[in-house]
Colleague: 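One structure, as structure tokens, below. Some questions next.
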Number of protein chains: 2
Amino acid sequence: MSDNVGKGGRGDVDRRVRRSRLAAREALIELILEKGYEAVTVTDIIDRADIGRTTFYAHFTDKQAVLFSNLEELSDMLRLSPGSRPGTLFSFSLPLFEHAQEHRRLVRALLGRRGGPTVLARGERLLAAIVRDELLAALPPGRVPPASLDLVATCVVGAVMALLRKWADGELTATPAEMDAAFRAVVTPGVSAMLNGGLLRGDEHGEVL
Amino acid sequence: MSDNVGKGGRGDVDRRVRRSRLAAREALIELILEKGYEAVTVTDIIDRADIGRTTFYAHFTDKQAVLFSNLEELSDMLRLSPGSRPGTLFSFSLPLFEHAQEHRRLVRALLGRRGGPTVLARGERLLAAIVRDELLAALPPGRVPPASLDLVATCVVGAVMALLRKWADGELTATPAEMDAAFRAVVTPGVSAMLNGGLLRGDEHGEVL
DNA sequence: CATTTATCAGAACAGATTGTTCGGAAACAG
DNA sequence: CTGTTTCCGAACAATCTGTTCTGATAAATG
């Protein structure tokens, strides 16, 4: 059950299996976009995918398992091109938004308002790891990582994900370049100041300028 | 049904009604913290709250209705003290985090990982309105609101909500003051630069525009 | 081509959840 | 005390879930 690829371990899965699984995944995406994740039932999926109930439960344990199966496709997308021009913070941003546009349909189903919360959480964790690494890498050599590094990373991830979500839902019309520019303009000055200069002396939350 | 307070419109609701509704709300919170929102069933609620099935559906249409009923308590909490010392951006931040700590249990149930996504969306909208107003107010007189104001507001809201969520889930241990400081340190420099200086000319690595 | 093997469909199933309806008991208000 | 409102308990149809059968069918193998 669940996700076993089969005996060979290779990509040489039975053609029927591939067909059934793919049908279920695509059916779920369509249905999410139509009704929202919560409202989709297993019965809906097998009806739309035109597969038997038995077949479904032979490959997936849950509705959620199908979702995760789809998520891998998306997470492969995220794990691309670190780019990493060395003086540039958050170089993942632009490629991320660009690829999101190419796979907009999928992104919308998974990350959008109609998508499930679990996927969002997983996406956040994924991105958080990337951001954390970049922050550590961008730290001037010799500096100890500030205690508030987690806080900063959380802010950054939150900002990116918020942009991505609102864009996927159509509440935001912007090109990838615009979103990248806005994100970077908001976040980069503060972050690099913290990395190079003092971390966060309370600057007694008074005048911020 | 649903949410009518009664004839008087005052707080003079029947004691039995008050009792039943409160019992349902508190039961839901407990159950969310135990099992997560999705897993909670109406049967669970009425069992825990010790009210009849009929009674439940007499007061709430849905599981979600109970959730929203709880949300009002929280949203009242957010709609406090604009503070608004006039040169200070995002003055809502510290009070927000402080009040979140006071009502941590509620915040965790509603906004945390085990909470429902709908509430989160509503909370975001609420916060987005506040942020938008503050951005417009902080704009130097005469300047036209940049086209990317929505993008910026989205980033800011995303950062705050991300902090709040991770903190509620216990994945982040920080005092309200620390969270406020981190949030402000990350976001404020970039935002005020955009408001006062040029909007988003892509400071090097972008050539956006 | 024939055989063996694994996958598939269809139906039927128990269990759980939802939202509704009924009659009678209890709490409330005047 | 009397009439009204709310509550409870039970029972209900409808839906969804996850499992289990049996027979059909497609694929891999010799």
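Note on naming: letters A, B, ... go to the chains in the order of the sequence lines (proteins, then strands), and numbering restarts at 1 for each one. If you're wondering where the values come from, they're calculated on a predicted model, not measured in any experiment.
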Colleague: By the ring-ring contact (aromatic ring centres under 6.0 Å, His included) test, which pairs, at least two apart or in different chains, include something from residues 164-192 of chain A?
Modeller: A:F90-A:F183
Colleague: Kindly give the heavy-atom pair with the smallest separation between B:I32 and B:A109, and that separation in Å.
Modeller: CG2-O, 3.3 Å
Colleague: Grab the two heavy atoms, one from B:L164 and one from B:A100, that are nearest each other, plus how far apart they are.
Modeller: CD1-CB, 3.9 Å
Colleague: Within the side chain of A:K63, is there an N or O that forms a donor-acceptor pair under 3.5 Å with the backbone of A:V40?
Modeller: yes
Colleague: Tell me whether the OP1 or OP2 atom of C:dT20 has a side-chain N or O from B:Y57 closer than 4.0 Å.
Modeller: no
Colleague: Using the closest heavy atom to pick a nucleotide of DNA chain D for each, name whichever of B:D50 or B:R53 lands nearer the 5' end.
Modeller: B:D50
Colleague: Could you measure the distance from the CG atom of B:L111 to the CZ atom of B:R108? Nearest 0.5 Å is fine.
Modeller: 12.5 Å
Colleague: Dump every N/O contact between nucleotides 26-28 of chain C and the protein below 3.5 Å, one line per pair.
Modeller:
| unit_1 | atom_1 | unit_2 | atom_2 | d |
| --- | --- | --- | --- | --- |
| C:dA27 | N3 | B:R16 | NH1 | 3.1 |
| C:dC28 | OP1 | B:R15 | NH1 | 3.3 |

Colleague: Measure the distance from CZ on A:R19 to C1' on C:dA9 and round it to the nearest whole Å.
Modeller: 13 Å
Colleague: Considering just the side-chain nitrogens and oxygens of B:S20, establish if one lies under 4.0 Å of OP1 or OP2 belonging to D:dC7.
Modeller: yes
Colleague: Taking atom P of C:dG19 as reference, at what distance in whole Å does atom NZ of B:K63 sit?
Modeller: 10 Å
Colleague: Grab the CD-P distance between B:Q64 and C:dT18 for me, whole Å please.
Modeller: 13 Å
Colleague: Is a side-chain donor or acceptor of B:S148 paired with a backbone partner of B:L151 at a separation under 3.5 angstrom?
Modeller: no
Colleague: Please determine whether a side-chain nitrogen of the Lys or Arg among B:R132 and B:D150 lies less than 4.0 Å from a carboxylate oxygen of the Asp or Glu.
Modeller: yes
Colleague: Enumerate the residues from residues 25-41 of chain B whose closest heavy atom to DNA chain C is under 4.0 Å, giving them by residue number; use none for an empty result.
Modeller: B:T41
Colleague: For B:F56 and A:T54, find the nucleotide of DNA chain C closest to each by heavy atoms; which residue's nucleotide sits nearer the 5' end?
Modeller: A:T54
Colleague: Enumerate the residue pairs fulfilling ring-ring contact (aromatic ring centres under 6.0 Å, His included) with a member in residues 16-53 of chain A, sequence neighbours excluded, ordered by first and then second residue.
Modeller: none
Colleague: Out of C:dA11, C:dT7, C:dC22, which has the shortest distance to the side chain of A:V17?
Modeller: C:dT7
Colleague: Looking at A:H59, does any N or O in its side chain come under 4.0 Å of the phosphate oxygens OP1/OP2 on C:dT7?
Modeller: no
Colleague: Any side-chain N or O of B:T43 under 4.0 Å from OP1/OP2 of C:dT18?
Modeller: yes
Colleague: Hey, is A:E171 close enough to B:R125 for a salt bridge, meaning N to O under 4.0 Å?
Modeller: no
Colleague: For A:R19, does the CZ atom sit with more than 12 other heavy atoms under 6.0 Å from it, leaving out its own atoms?
Modeller: no
Colleague: Using atom CZ of A:F60 as one end and atom C1' of D:dT17 as the other, report the distance to the nearest whole Å.
Modeller: 17 Å
Colleague: Which part of the nucleic acid, if any, lies within contact of A:D44, taking any heavy atom under 4.0 Å across all strands shown: a base, the sugar-phosphate backbone alone, or nothing?
Modeller: nothing
Colleague: For the helix from C:dC1-D:dG30 to C:dG30-D:dC1, how many degrees between its two end axes (five pairs per end), to the nearest 10°?
Modeller: 30°
Colleague: Quick one: CD on B:E124 to NZ on A:K166, what's the gap to the nearest 0.5 Å?
Modeller: 8.0 Å
Colleague: Any side chain to side chain donor-acceptor pair (under 3.5 Å) pairs touching residues 40-49 of chain A, not counting sequence neighbours?
Modeller: A:E30-A:R48, A:E34-A:R48, A:K35-A:D44, A:T41-A:D44
Colleague: Could you tell me how far apart B:D47 (CG) and D:dC8 (C1') are, to the nearest whole angstrom?
Modeller: 14 Å
